[in-house]
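The structure under discussion appears below in the form of structure tokens.
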Amino acid sequence: MWKIGAHVSAAGGIENAITNAASIGANAFALFVKSQKKWSSPPLTDFNITSFKAKLVEHGYNPRYILPHGSYLINLGNPDAEKRRKSYDCFLDDLRRCESLGLVLYNFHPGSSVGQATTEESISLIAESINKAHCATNTIVTVLENMAGMKNTIGGDFNHLAGIIELVNNKTRVGVCLDTCHMFAAGYDLRTKEGWVADFDQQVGLSYLRGMHLNDSKTEFNSKRDRHQNIGLGHIGMQGFHHILNDVRFQDIPLILETPHPEALEAVTASVNTVVKPLSDKAESRKSAKKPTKKGKKKAKGVSDLNYGEA
């Protein structure tokens with residue numbers, strides 16, 4: 001089954017993220033577990049934690065389809081030991097917050113060499129921090145996000161992700177979240193049906209895919225620039241998302257929209273209800289329609305290909 005939602009606001013209390021996700025009809029969602037632009041935030045209260053867990057049950061959300069996003073400040077690839085320690089402390093605090101809420105996934109940007117280390121050195125530092133954090137937590141799965149390929153960043157190449165995973169001791173607690181805008185900007189062409197999927201499977205492995213961010217791109221292919229656009233309004237276009245939402249390999253993982261203004265619920269609601277869900281619903285219909293008749297030879301009549309029209 002398709003699990004589709006958006007990054008929603010947790011303003012006024014982290015438990016409010018669940019209400020906001022339910023209000024747009026999402027069956028998956030992302031959130032920040034604390035301010036994404038501050039090194040430290042007030043701890044979650046017992047009320048926050050109890051209310052969050054109660055609302056998960058009330059609205060029927062499975063933690064497998066909730067994809068918390070890490071702080072933008074974290075850089076586990078920084079060769080400066082003191083700056084990396086500060087990032088690690090923020091990283092570990094996020095992981096512990098997730099576990100206290102009963103969540104199982106945590107998505108974060110791998111980091112950057114800041115031009116002061118080789119890619120390989122930064123990859124090793126990132127894996128070292130992940131291993132350390134795994135020892136300090138219990139069950140949370142650390143989910144690496146691919147990046148757009150900007151200078152010095154780690155994760156623009158699938159091989160970067162594979163390199164980190166190779167050095168992680170507990171492979172059951174590491175995964176990948178693929179951001180469509182980032183992939184496109186890094187040189188993976190989502191407008192084709194299969195190429196990038198085969199590349200990811202060969203270099204990393206689809207078994208590690210734990211979620212996706214569905215974003216169009218304001219910039220052209222291979223631009224190395226991270227500029228999100230609403231689905232269908234950017235250079236990827238509807239065809240790229242048509243391919244994803246007709247591929248059963250991307251079912252049963254959280255598919256999250258991150259629009260240019262992710263906190264604007266009205267805009268997110270429009271994206272979820274009018275763009276993505278109709279595609280996935282039609283994909284489900286086509287899958288059902290393709291089931292053989294009793295004779296096992298003919299498809300159901302009256303079923304046409306998806307028409308995604310103009311972007």
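For the numbers below, each heavy atom of this structure counts, side chains included, while hydrogens, waters and symmetry mates do not.
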Examine Tyr106 together with His69 and report whether their ring centres are nearer than 6.0 Å. no

Kindly write out the residues that satisfy side-chain hydrogen bond (donor to acceptor under 3.5 Å, both in side chains) with Asp189, not counting sequence neighbours, or none if the list is empty. Arg191

Within this structure, what is the CG-CD distance for the pair Leu255 and Gln251, rounded to the nearest 0.5 Å? 9.5 Å

Centroid separation Tyr65 to Phe29 less than 6.0 Å: no

d(Ile14 CD1, Ser9 OG) to nearest 0.5 Å is 10.5 Å

Has the side chain of Tyr61 got a donor or acceptor atom that lies under 3.5 Å from a matching backbone atom of Ala22? yes

Trace of the side-chain hydrogen bond (donor to acceptor under 3.5 Å, both in side chains) decision for Thr142 with His134: CA-CA 9 Å; Thr142 46; His134 284 173; 3.0 Å; yes

Can a donor-acceptor pair be found between the side chains of His213 and Glu258 at a distance below 3.5 Å? yes

Take His182 and Tyr188, measure what ring-ring contact (aromatic ring centres under 6.0 Å, His included) needs, and give me the verdict at the end. CA-CA 9 Å; His182 296 176; Tyr188 296 98; over 10 Å; no

Taking Glu99 for the side chain and Asn138 for the main chain, is one N or O donor matched with an acceptor at less than 3.5 Å? yes

Within the 6.0 Å centroid threshold, strictly below: Phe241 and Phe250: no

May I ask you to decide if Ala10's main-chain N or O and Asn16's side chain share a donor-acceptor pair within less than 3.5 Å? no

Minimum heavy-atom separation for Ile24 to Ala6, with atom names? CD1-CB, 3.9 Å

Ignoring hydrogens and geometry beyond distance, is a side-chain donor-acceptor pair present between Asn215 and Asp179 at under 3.5 Å? yes

Could you give the distance from CG (Leu95) to CG (Leu103), rounded to the nearest 0.5 Å? 11.0 Å

Measure from the side-chain N and O atoms of Asn75 to the backbone N and O of Gly111, and report whether any donor-acceptor pair falls under 3.5 Å. no

Output the distance between atom CD1 (Ile126) and atom CD (Glu121), rounded to the nearest 0.5 Å. 12.0 Å

I'd like to know if the side chain of His228 reaches the main chain of Cys181, judged simply by a donor and an acceptor atom lying under 3.5 Å from each other, with no hydrogens or angles considered. no

Less than 4.0 Å between a side-chain N and a carboxylate O, is that true for Arg64 and Asp252? yes

Any non-hydrogen side-chain atom of Lys224 less than 4.5 Å from a side-chain atom of Asn222? yes

Give a yes or no on whether Ile123 and Met150 share a hydrophobic cluster (residues Ile, Leu, Val, Met, Phe, Trp, Tyr; joining criterion: side-chain heavy atoms under 4.5 Å apart). no

Please check: side-chain N/O of Asn78 versus main-chain N/O of Arg84, any donor-acceptor pairing under 3.5 Å? no

Is there side-chain contact between Trp39 and Ser87, with at least one heavy-atom pair below 4.5 Å? yes

Identify the heavy atoms of Phe91 and Ser129 that sit nearest to each other, and give their distance. CE2-O, 4.4 Å

Look only at the side chain of Asp94 and the backbone of Gly70, and say whether a donor-acceptor pair between them is shorter than 3.5 Å. no

Return yes if some donor-acceptor pair links the side-chain N/O of Asn131 with the main-chain N/O of Leu167 below 3.5 Å, else return no. yes

Cation-pi, Tyr72 ring and Lys37 (6.0 angstrom, 45 degrees): no

Do you reckon Ile66 sits in the same ILVMFWY cluster as Ile18, going by side-chain contacts under 4.5 Å, direct or chained? yes

Give a yes or no on this: more than 12 heavy atoms of other residues, nucleotides or ligands lie within 6.0 Å of atom NZ of Lys83. no

Atom CD of Gln203: over 12 foreign heavy atoms under 6.0 Å: yes

Applying the 4.5 Å side-chain criterion to the ILVMFWY set and letting contacts propagate, would Phe184 and Leu257 be lumped into a single cluster? yes

Side-chain (Lys34) to main-chain (Cys90) donor-acceptor, under 3.5 angstrom: yes

Which heavy-atom pair separates Asp216 from Gly234 by the least distance, and what is that distance? OD2-N, 3.0 Å

Minimum heavy-atom separation for Val141 and Gly175, please, with both atom names. CG1-N, 4.1 Å

With the side chain counted from C-beta on, respond yes when Gln229 and Ser217 share a heavy-atom pair under 4.5 Å apart, and no when they do not. no

Hey, is the main chain of Asn48 close enough, under 3.5 Å, to the side chain of Ser51 for a donor-acceptor pair? no

Could you please spell out the steps behind the side chain to side chain contact (heavy atoms under 4.5 Å, CB included) verdict for Leu56 and Asn62? CA-CA 7 Å; Leu56 283 182; Asn62 187 324; over 6 Å; no

Worked verdict on Leu190 versus Met183 for side chain to side chain contact (heavy atoms under 4.5 Å, CB included): CA-CA 8 Å; Leu190 278 79; Met183 278 194 287; 3.7 Å; yes

Given Thr119 and Ser113, is the side chain to side chain contact (heavy atoms under 4.5 Å, CB included) satisfied, shown in steps? CA-CA 7 Å; Thr119 296; Ser113 70; 5.8 Å; no

Measuring only between side-chain heavy atoms, which start at C-beta, is Asn27 closer than 4.5 Å to Met1? yes

Atom of Ser112, atom of Val114 and distance for their closest heavy-atom approach: OG-N, 2.9 Å

Option passing side-chain contact (heavy atoms from CB on, under 4.5 Å) with Met212 (candidates Ile253, Ile256, Asn146): Ile253

Mind checking whether Ile164 and Val176 sit in one hydrophobic cluster, side chains of I, L, V, M, F, W, Y counted as touching below 4.5 Å? yes

Is Leu67 reachable from Met147 through a run of hydrophobic residues whose side-chain heavy atoms are each under 4.5 Å from the next? no

Would you call Arg85-Asp89 a salt bridge at under 4.0 Å N-O? yes

Give a yes or no on this: more than 12 heavy atoms of other residues, nucleotides or ligands lie within 6.0 Å of atom CD of Glu58. yes

How long is the span from the NE2 atom in His235 to the CD atom in Glu220, to the nearest 0.5 Å? 5.0 Å

Return yes when atom CZ of Arg173 has more than 12 non-hydrogen atoms of other residues, nucleotides or ligands closer than 6.0 Å, and no otherwise. yes

Minimum heavy-atom separation for Ser41 to Lys38, with atom names? OG-CB, 4.5 Å

Can Tyr88 and Ile130 be said to form a side chain to side chain contact (heavy atoms under 4.5 Å, CB included), step by step? CA-CA 9 Å; Tyr88 174 79; Ile130 292 173; over 6 Å; no

If you measure from NE2 on His7 to CG on Asn20, what distance do you get to the nearest 0.5 Å? 10.5 Å

Is the Phe200-Tyr208 ring centre distance short of 6.0 angstrom? no

